[in-house]
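Here is the structure we will look at, set down as structure tokens.
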Amino acid sequence: MSKVFYLPWNRIDSFAAWLAKIGAADHVRENDFTAIKIHFGEAGNKGFINPDFVKPVASLVSGRKALPFMTDANTIYVGQRADAVRHALVAESHGFTTKNCGCPVIIADGLRGNSGAEVEVNLKHFKKVNIANAVNFSDSLVFMSHFKGHEISGFGGALKNMGMGCGTRAGKYSMHDTLNPSVNESLCTGCAACVKWCSPKALKVSGKKITLDRSKCTGCGECILSCPERVFSIPWDEKTSNVQEKIVEYAAGALKGKRHFSINFINYVTKFCDCYATKENPLLDDIGVMASSDPVALDQACADLVNSKFGADFWKHIFPEIDWTVQLKYAEQIGLGSRKYELEEFL
Ligand code: SF4
Ligand code: SF4
């Protein structure tokens with residue numbers, strides 16, 4: 001049974017005091033390089049974690065005479081975060097500056113997303129995973145994750161931030177590679193909005209209809225998010241469960257040999273992830289922040305809390321085809337943590 005700490009959103013002004021009380025940086029040691037892994041939000045997206053919340057985390061880490069920095073790895077789709085230069089500029093434009101946050105941004109997998117190291121995990125899908133260098137060479141980690149819906153895993157929380165978020169470009173490809181979208185050409189208007197998001201150039205508009213070259217498709221899913229006509233959809237078969245398991249295996253690689261702590265923000269809960277470059281309206285009132293040294297217990301507790309506030313299975317409600325428990329069950333099975341938890345609310 002793991003402990004999960006909870007700060008309700010109506011007490012968010014106490015965030016810094018709460019962090020100190022729960023020992024959010026107790027795992028950090030003197031002279032550590034401490035990666036604060038966070039998603040800076042795609043340009044145009046409003047759902048990312050407010051940068052003001054980083055400062056108290058960085059301050060606790062610095063207080064232990066360690067060296068904190070904010071980090072994320074580049075994307076495999078053609079957004080504003082596919083290389084380190086544009087990625088850092090997006091972070092800055094969203095307020096993730098040294099001045100605001102008390103530590104600098106270092107893009108984890110380098111200029112072109114290929115700076116990583118193979119980490120042995122010896123699991124069902126991967127023997128080795130490719131983890132971004134700035135994460136791999138850190139001594140300790142703090143994950144700050146926005147808890148919201150996700151088009152492949154039902155929800156995205158700490159495990160998703162650790163797994164998909166810490167993979168290099170090659171790693172991200174290997175997690176997605178079996179997931180080619182289904183295409184309903186009859187709905188296509190030929191607007192070409194999807195084409196620019198497809199980095200391997202698998203999409204082409206000819207005769208005002210989209211064509212998909214499956215031999216080039218990496219399964220990144222960006223066309224699904226970018227098409228206004230819902231031409232693309234995820235084929236709901238065992239492959240989506242496999243992607244969840246692969247993400248969890250990458251999380252195991254990112255955490256291997258590291259001291260770590262995770263903080264999940266359950267606010268601005270949207271259906272799609274923060275890579276979705278359009279402002280979505282949140283589907284729920286802001287709920288709060290949860291934290292734990294056990295990422296499995298933490299994600300389970302967040303999912304449960306959302307469901308109890310919603311009064312039903314919210315994740316099934318937004319993605320009826322996805323079994324969102326796959327990532328939690330598999331993470332528990334491979335020893336990343338426990339789905340059983342004890343909740344401690346900040347009073
Ligand atoms: S975005 Fe959708 S409608 Fe537009 S070209 Fe692509 S598939 Fe067709
Ligand atoms: S066609 Fe494949 S590679 Fe291109 S955006 Fe869609 S899922 Fe990604």
Side-chain angles (χ1 to χ4, degrees), residues 39 41-45 72-83 86-87 90 109 112-114 116 125 130 132 149-154 156 160 163-247 250 270-280 318-319 321-322 326-327:
H39 191 308
E42 188 56 60
N45 174 292
D72 196 7
N74 293 310
T75 63
I76 52 174
Y77 63 86
V78 192
Q80 289 302 307
R81 297 179 304 122
D83 62 77
R86 278 176 284 196
H87 200 159
V90 169
D109 54 346
R112 295 179 186 273
N114 54 4
H125 299 283
N130 206 309
H150 193 277
E151 49 283 359
I152 293 170
S153 47
K160 173 82 182 14
M164 191 62 76
C166 293
T168 58
R169 192 187 301 279
K172 289 188 171 80
Y173 282 139
S174 64
M175 282 180 265
H176 278 291
D177 68 352
T178 50
L179 207 66
N180 283 196
S182 305
V183 184
N184 183 349
E185 291 92 350
S186 66
L187 299 175
C188 178
T189 58
C191 71
C194 57
V195 174
K196 67 175 184 204
W197 289 91
C198 181
S199 61
K201 302 198 185 325
L203 294 171
K204 237 178 22 193
V205 176
S206 48
K208 295 218 161 184
K209 288 289 170 199
I210 198 72
T211 58
L212 165 59
D213 181 345
R214 291 190 183 277
S215 67
K216 290 184 181 166
C217 175
T218 58
C220 71
E222 288 307 311
C223 51
I224 298 167
L225 298 179
S226 61
C227 174
E229 308 298 335
R230 299 185 182 277
V231 167
F232 305 100
S233 55
I234 292 173
W236 303 109
D237 53 20
E238 85 293 342
K239 289 175 185 166
T240 49
S241 293
N242 282 343
V243 176
Q244 288 193 52
E245 290 182 357
K246 288 178 180 181
I247 290 170
Y250 261 74
T270 49
K271 179 172 179 179
F272 295 109
C273 67
D274 296 345
C275 297
Y276 193 31
T278 305
K279 184 179 174 183
E280 272 187 274
I318 56 171
F319 290 111
E321 303 91 343
I322 301 178
V326 170
Q327 54 180 313

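Computed from a prediction, not measured in an experiment: that's the story for all the values here. Just follow the structure's listing: the first ligand is 1, and inside any ligand the first atom is 1. Values below: every heavy atom of this structure, side chains too, minus hydrogens, waters and symmetry copies.
In terms of protein heavy atoms, atom 2 (Fe) of ligand 1 is closest to C227 SG, 2.4 Å. Distance from atom 6 (Fe) of ligand 1 to its nearest protein heavy atom, with residue and atom name: C194 SG, 2.3 Å. Shortest contact from atom 7 (S) of ligand 1 to any protein heavy atom: F232 CE1, 3.5 Å. The protein atom (non-hydrogen) at minimum distance from atom 8 (Fe) of ligand 1 is C188 SG, 2.4 Å. When only non-hydrogen protein atoms are considered, atom 5 (S) of ligand 1 lies nearest to A192 N, 3.1 Å. With respect to atom 4 (Fe) of ligand 1, the closest heavy atom belonging to the protein is C191 SG, 2.3 Å.
Residues V326 and E245 form a side-chain contact, since some pair of their non-hydrogen atoms from C-beta on lies under 4.5 Å apart. Side chains of C217 and P181 form a contact here, defined as non-hydrogen atoms less than 4.5 Å apart. At a threshold of 4.5 Å between non-hydrogen side-chain atoms, the residues S174 and Y250 count as touching. Using a 4.5 Å heavy-atom threshold, the side chains of E151 and F319 count as touching. Side-chain contact between V183 and V231: present, with at least one pair of heavy atoms (C-beta onward) separated by less than 4.5 Å.
Atom 2 (Fe) of ligand 2 has C217 SG as its protein N, O or S neighbours under 2.8 Å.
In summary, the atoms of ligand 1 found under 4.0 Å from a heavy atom of V231, numbered by their order in the structure, are 2 (Fe), 7 (S). In the vicinity of P228, heavy-atom distances shorter than 4.0 Å reach the ligand 1 atoms 1 (S). Near E229, with a cut-off below 4.0 Å to any heavy atom, the atoms of ligand 1 are 3 (S).
Partner D109 forms a side-chain contact (heavy atoms from CB on, under 4.5 Å) with one of N74, N114, N130 and no other, that one being N74.
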For a side-chain contact (heavy atoms from CB on, under 4.5 Å) check, start with the C-alpha distance between I152 and M164, then their side-chain angles and the critical distance, and finish with the verdict.
CA-CA 11 Å; I152 293 170; M164 191 62 76; over 6 Å; no
Given the rule in the side-chain contact (heavy atoms from CB on, under 4.5 Å) test, do Q327 and I247 qualify, once you have shown the distances and angles that lead to the verdict?
CA-CA 8 Å; Q327 54 180 313; I247 290 170; 5.7 Å; no
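For the side chain to side chain donor-acceptor pair (under 3.5 Å) condition, the pairs that include at least one residue of residues 205-214, sequence neighbours left out, are D213-S215.
By the criterion of a heavy-atom distance under 4.0 Å, both the backbone and the side chain of T189 are placed next to ligand 1.
Checked against side-chain contact (heavy atoms from CB on, under 4.5 Å), V195 has the following partners two or more places apart in sequence or in another chain: A192, L203, V205, I210. Take R86 and apply the side-chain contact (heavy atoms from CB on, under 4.5 Å) test, not counting sequence neighbours, and it matches Q80, D83.
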